[in-house]
Amino acid sequence: MTYLFISDLHLSPDHPRLVRGFLALLKQYQHRNTQLYILGDWFNAWIGDDYTAPWLDEIVSALQKFTASNNQIYFQVGNRDFALGQKFLKQFDGILLPDVYTLNIQQHTFRLEHGDALCTDDVAYQRFRKVIRNPLLLGFLKSLPLSFRQKLANGFRKKSSETKQLKSYDIMDVNAQAVESVIEHVDYLIHGHTHRPEIHHVLNKQRIVLGDWRADSAWILELNEQENYQLDFKQWNY
């Protein structure tokens with residue numbers, strides 16, 4: 001069994017090389033009995049499970065072939081695709097995980113999450129996150145016309161980009177106390193969101209930060225049973 005962890009792909013029709021990179025990853029791991037964990041921001045924006053497009057159809061088709069080969073897809077929502085639900089994942093037998101998920105492998109426990117909830121110093125974002133992720137508001141947004149949701153998503157992205165330029169580098173990173181409060185109960189903490197790939201040692205544990213995908217490469221975390229559960233954090237070129 002191979003366990004593969006990725007995040008922050010930000011797939012969209014505007015960046016076809018990222019899409020090709022993801023399709024290449026599926027092909028490479030298709031025959032390795034893989035459990036693929038996507039820890040948020042799989043897509044650059046998600047306006048609802050009723051959205052369809054040719055570029056997305058190609059991805060779904062590849063995912064169907066991937067899961068048909070005895071592999072499994074697990075997904076946690078991120079700050080860009082929090083509206084993605086089980087309806088979309090059902091097309092390829094994917095599984096929607098809760099915002100925080102504990103994965104047990106042999107004697108080790110892994111806490112999986114997107115990572116934005118750990119950035120507690122960014123008070124404005126945490127306030128926005130609490131509002132926009134409210135189930136009642138989210139349900140209302142999903143009921144709006146698709147075209148309106150598209151305009152809304154474009155507005156959110158523009159506003160987010162403008163806001164980031166005004167914030168310090170540190171305030172958008174995880175809070176040390178927030179990390180310590182969650183990592184003490186597990187062996188490993190794996191997350192994305194910050195786009196700062198690195199392995200940190202906290203309380204004699206490991207915090208593994210997955211990186212965002214670029215034009216020709218990505219950071220991936222692989223755990224392989226055949227190699228005595230060796231964690232392999234590597235830059236994957238496609």
Quiz prompt | side chain to side chain contact (heavy atoms under 4.5 Å, CB included) partners of Asn33, counting only residues at least two apart | solution = Met1, Asn70

Quiz item: Looking at residues at least two apart in the chain, or sitting in another chain, which of them share a side chain to side chain contact (heavy atoms under 4.5 Å, CB included) with Trp219?
Solution: Pro197, Phe233, Gln235

Quiz item: For residues 50-64, which residue pairs qualify under salt bridge (charged side-chain N to carboxylate O under 4.0 Å, His left out), counting only residues two or more places apart or in two chains?
Solution: Asp50-Arg149

Self-check item: Pairing residues for Lys151 by the side chain to side chain contact (heavy atoms under 4.5 Å, CB included) criterion, not counting sequence neighbours
Solution: none

Practice problem: With sequence neighbours excluded, tell me which residues meet side chain to side chain donor-acceptor pair (under 3.5 Å) with Gln76. | Solution: none

Quiz item: Tell me, which pairs form a salt bridge (charged side-chain N to carboxylate O under 4.0 Å, His left out) where one or both residues lie in residues 3-21, sequence neighbours left out?
Solution: none

Quiz item: With Tyr51, which residues qualify under side chain to side chain donor-acceptor pair (under 3.5 Å), at least two apart?
Solution: Trp55

Exercise. Determine which pairs satisfy salt bridge (charged side-chain N to carboxylate O under 4.0 Å, His left out) with at least one residue from residues 199-215, sequence neighbours left out, and list them in order.
Key: Asp212-Arg214

Self-check item: With Asp116 via salt bridge (charged side-chain N to carboxylate O under 4.0 Å, His left out) - residues at least two apart
Solution: Arg129

Quiz item: How would you list, by chain and number, every residue that makes a side chain to side chain contact (heavy atoms under 4.5 Å, CB included) with Lys142, sequence neighbours excluded?
Solution: Ala83, Leu138

Quiz item: Lys130: what forms a salt bridge (charged side-chain N to carboxylate O under 4.0 Å, His left out) with it, not counting sequence neighbours?
Solution: none

Check residues 88-102 and write down every donor-acceptor pair under 3.5 Å in which the side-chain atom is one partner and the other belongs to a residue at least two apart or another chain.
unit_1, atom_1, unit_2, atom_2, d
Gln91, NE2, Phe88, O, 3.2
Asp99, OD1, Arg133, NH2, 2.8
Asp99, OD2, Arg133, NH2, 2.8

